[in-house]
There are 2 protein chains.
Amino acid sequence: MLSNRQLLILQVIIDEFIQTAQPIGSRAISKKDEIIFSPATIRNEMADLEEMGYIEKTHSSSGRVPSEKGYRFYVDHLLLPFHLSKNDQQLISSVFEQDLVEFEQVVQKSVNVLSDLTNYTSIILGPQVYETTLKQLQIVHLSATTAVAILVTNTGHVEHRSFTIPTEIKASDLEKLVNILNERLVGVPIVELHHRLQHELTSILNHYVDDIESAFHYLKSALFDQQPNQVYIGGITNMLLQPEFNDVTKVHALYSIMEKEELMANVLRSTNEGIHISIGHENKVNAMRDCSLITATYSLAGKQVGTIALLGPKRMEYSRVVSLLNLLSNQMSHTFHDW
Amino acid sequence: MLSNRQLLILQVIIDEFIQTAQPIGSRAISKKDEIIFSPATIRNEMADLEEMGYIEKTHSSSGRVPSEKGYRFYVDHLLLPFHLSKNDQQLISSVFEQDLVEFEQVVQKSVNVLSDLTNYTSIILGPQVYETTLKQLQIVHLSATTAVAILVTNTGHVEHRSFTIPTEIKASDLEKLVNILNERLVGVPIVELHHRLQHELTSILNHYVDDIESAFHYLKSALFDQQPNQVYIGGITNMLLQPEFNDVTKVHALYSIMEKEELMANVLRSTNEGIHISIGHENKVNAMRDCSLITATYSLAGKQVGTIALLGPKRMEYSRVVSLLNLLSNQMSHTFHDW
DNA sequence: TGTTAGCACTCTTTACTTTCGAGTGCTAAT
DNA sequence: ATTAGCACTCGAAAGTAAAGAGTGCTAACA
């Protein structure tokens, strides 16, 4: 479809535009070392590339900028493997060098390193709780009427929820309940807890506990009502550094959606395994239509559990970012392999 | 010092500027109902007010805007008690109407309500952990070499930290240690824990535990290494709605410091009891020199524990914001009174 | 003596023009 | 097939002009 020369020119245009954010003219292209043709020749090729929809003009006599189709072609066919600098590699590795056992710590560090290295906004979706299993359940009484329920997972994740104990529930009932649940439910995947509680254990529990109904109801609501989506975001302010976000209204739209954890979680959760790139209008969320989102998945104990993403302008350093995400997601998966 | 007429005019200028963000001219002032003088008279008074430094011109023939000295005078002497609308009051009360026992939930809700009501950025500094006491300490083993330490406070706050258990420490030692700590330390203020561990308990512990040194060391570092500052921020994007933050560079500076939790914690921690207002250059942090920060303290069980703040342009609705903060901080203190 | 009308003056804002240059498309020559 | 040449287009930047909001000052007024 595209001649070698056209491929070369397209590559130069996109590479250049990613760096400068300025439209590229035929003269500038001809001056590149790898180009041995005159501006006129290049103009002809550019006219063809434009006709095919890979590049665009900002106005009738401007240089060219990549179109979304152009970026798509670029990432699909022109992406050269990027050799990460020693510094990049070290910074990523440094996340895993300490004895961090807690998931949150690793993720928090990763988010920061990633946004610092790229100057984009990095987003990590934490492990799906349903991939993890229950390690321990516990009630700590704070006063006669209040208590904290604490749930520890096999990944070291701790969920806790305070609640008031209504007067009709005996504290002893609650304790019994928790004891029974611990005996029966340790090792069960979190996502199944609800079902198991509901269907298999009610009868057994009725046997032991006087007023199982309300005690159960309370414990359930305390623990499972709002399963928080763990979305970690770093480098939000980096967006402001990109020239395409000089306009405050654009930034506002983008920031608003990033404040919505659930929305972000949905966006990231629906990604395929491995590296995936959404460019501009390929993004389902309107406010991201001027951005590209690159996602990578990582796994915990062999199962896919979460997503790492970088959000930046369409004019992203795709090559480098893909390499960084690859490295990081691999290292994460490796670190979490035997948890 | 200032005549009644000057006070009136100053008040009108500031009230008006707070609403419109536009310089106010003599003609506009004279049209106000409460003003019965001609523009010429007002011009004379304005010249005086300017000479005294309460108002400024943006250029030689512009209307006047309040100076920082003007705002200071305004909040010190001209602030009328603001009557909150039913809606405002209800929204604030709604935070406390549910059975929220957990501190985090109350604070998170408050932050959101506050930023929604004001269109400013709201910041809440969580309870100082050292004001709270230990309720329970616990170790949950995840694997042979990893465990989570969980610390529950009397406020229902849960701290947890995962750590690797080095081979030289016996799991049983760790358990013993935790048992002893629980017997001895429940009810001790968190801030004293470190001291108590260090000085009073070492001898006792030595008696029971074989290798107290390293077990102790590990537990300590797991629990007390980085005491997180709990800074809750809501409505960061609201800044973008203010005309004074049309400039992306200003926003960037401001957002950067808000990403630094410790810095924000320091700023808020160093406030006096009750309501306090810092205007423009009164703020110690450079990036806030174009902003006003209004803080209020709330207490838990009678002791001062935290700060609620609103950050906005110098042109804030001081009167309303003060009332809102007063109401919220009182309700918070009241709610937390007997925790 | 305090207040106000009148007026010249200042400065910003907006719109309109001009100029400059980067870049294009096309044609004709190589 | 490639390139030099050239007329043309458009945006960005700079300059000009008019409009309007607001001021300070002076002199008149109650």
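Letters A, B, ... are given to chains in the order of the sequence lines, protein chains preceding strands, and every chain is numbered from 1.
For B:F37, the listed nucleotide lying nearest its side chain is C:dT4; candidates were C:dG25, D:dT2, C:dT4. Between C:dG25, D:dA4, D:dG24, one nucleotide has an atom nearer to the side chain of B:R43 than all others, and that is D:dG24.
Checked by atom type and distance alone, the side chain of B:Y232 never pairs as donor or acceptor with a backbone atom of B:S110 at under 3.5 Å. The closest donor-acceptor contact from the side chain of A:D247 to the backbone of A:T249 lies under 3.5 Å.
Within 6.0 Å of NE2 on B:H83 lie no more than 12 heavy atoms contributed by other residues, nucleotides or ligands.
Remark: P of D:dG24 and CD of B:E45 are 12 Å apart, rounded to the nearest angstrom. Summarising the geometry, the separation between CD1 on A:I36 and C1' on D:dA1 is reported as 13 Å, rounded to the nearest angstrom. Rounded to an integer number of Å, the gap from B:I9 CD1 to D:dT23 P is 11 Å. If you take CD1 of B:I29 and C1' of D:dG22, they are 11 Å apart, rounded to a whole angstrom. In this entry the distance linking CG of A:N44 with P of D:dA4 reads 13 Å, nearest Å. Note: CE (B:M46) to P (C:dT4) measures 14 Å, nearest angstrom.
Defined by atom type and a distance below 3.5 Å, a donor-acceptor pair is present between the side-chain atoms of A:R289 and A:N286. Defined by atom type and a distance below 3.5 Å, a donor-acceptor pair is missing between the side-chain atoms of A:N87 and A:S85.
Computed from C1' positions of five pairs at each end, the angle between the two local axes of the helix from C:dT1-D:dA30 to C:dT30-D:dA1 equals 20°, rounded to 10 degrees.
Looking at heavy atoms from C-beta onward, A:I55 lies in side-chain contact with A:E50 at the 4.5 angstrom threshold. Proximity of B:P313 to B:Y120: side-chain heavy atoms (C-beta onward) are separated by under 4.5 Å at one or more points. Within the 4.5 Å cutoff, no side-chain heavy atoms of A:R64 are placed close to those of A:E56.
If you check residues 49-63 of chain A against DNA chain C, the residues with a heavy atom closer than 4.0 Å are A:K57, A:S61, A:S62, A:G63, listed by number. For DNA chain C, none of the residues of residues 17-28 of chain B falls under the heavy-atom distance limit of 4.0 Å.
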A:M288 vs A:L254, side chain to side chain contact (heavy atoms under 4.5 Å, CB included): CA-CA, chis, key distance, verdict: CA-CA 7 Å; A:M288 290 192 185; A:L254 211 48; 4.3 Å; yes

Would A:I18 and A:Y74 count as a side chain to side chain contact (heavy atoms under 4.5 Å, CB included) if you check the C-alpha gap in whole Å, the side-chain angles of each, and the deciding distance to 0.1 Å? CA-CA 12 Å; A:I18 284 175; A:Y74 178 82; 4.1 Å; yes

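When each of B:R315, B:K314, B:K250 is paired with B:E244, the side chain to side chain donor-acceptor pair (under 3.5 Å) condition holds for B:R315 and for no other.
Put simply, A:T41 has a side-chain N or O that comes within less than 4.0 Å of OP1 or OP2 on D:dT3. Listed pair B:R64 / D:dG22 fails the phosphate criterion, with no side-chain N or O lying under 4.0 Å from OP1 or OP2.
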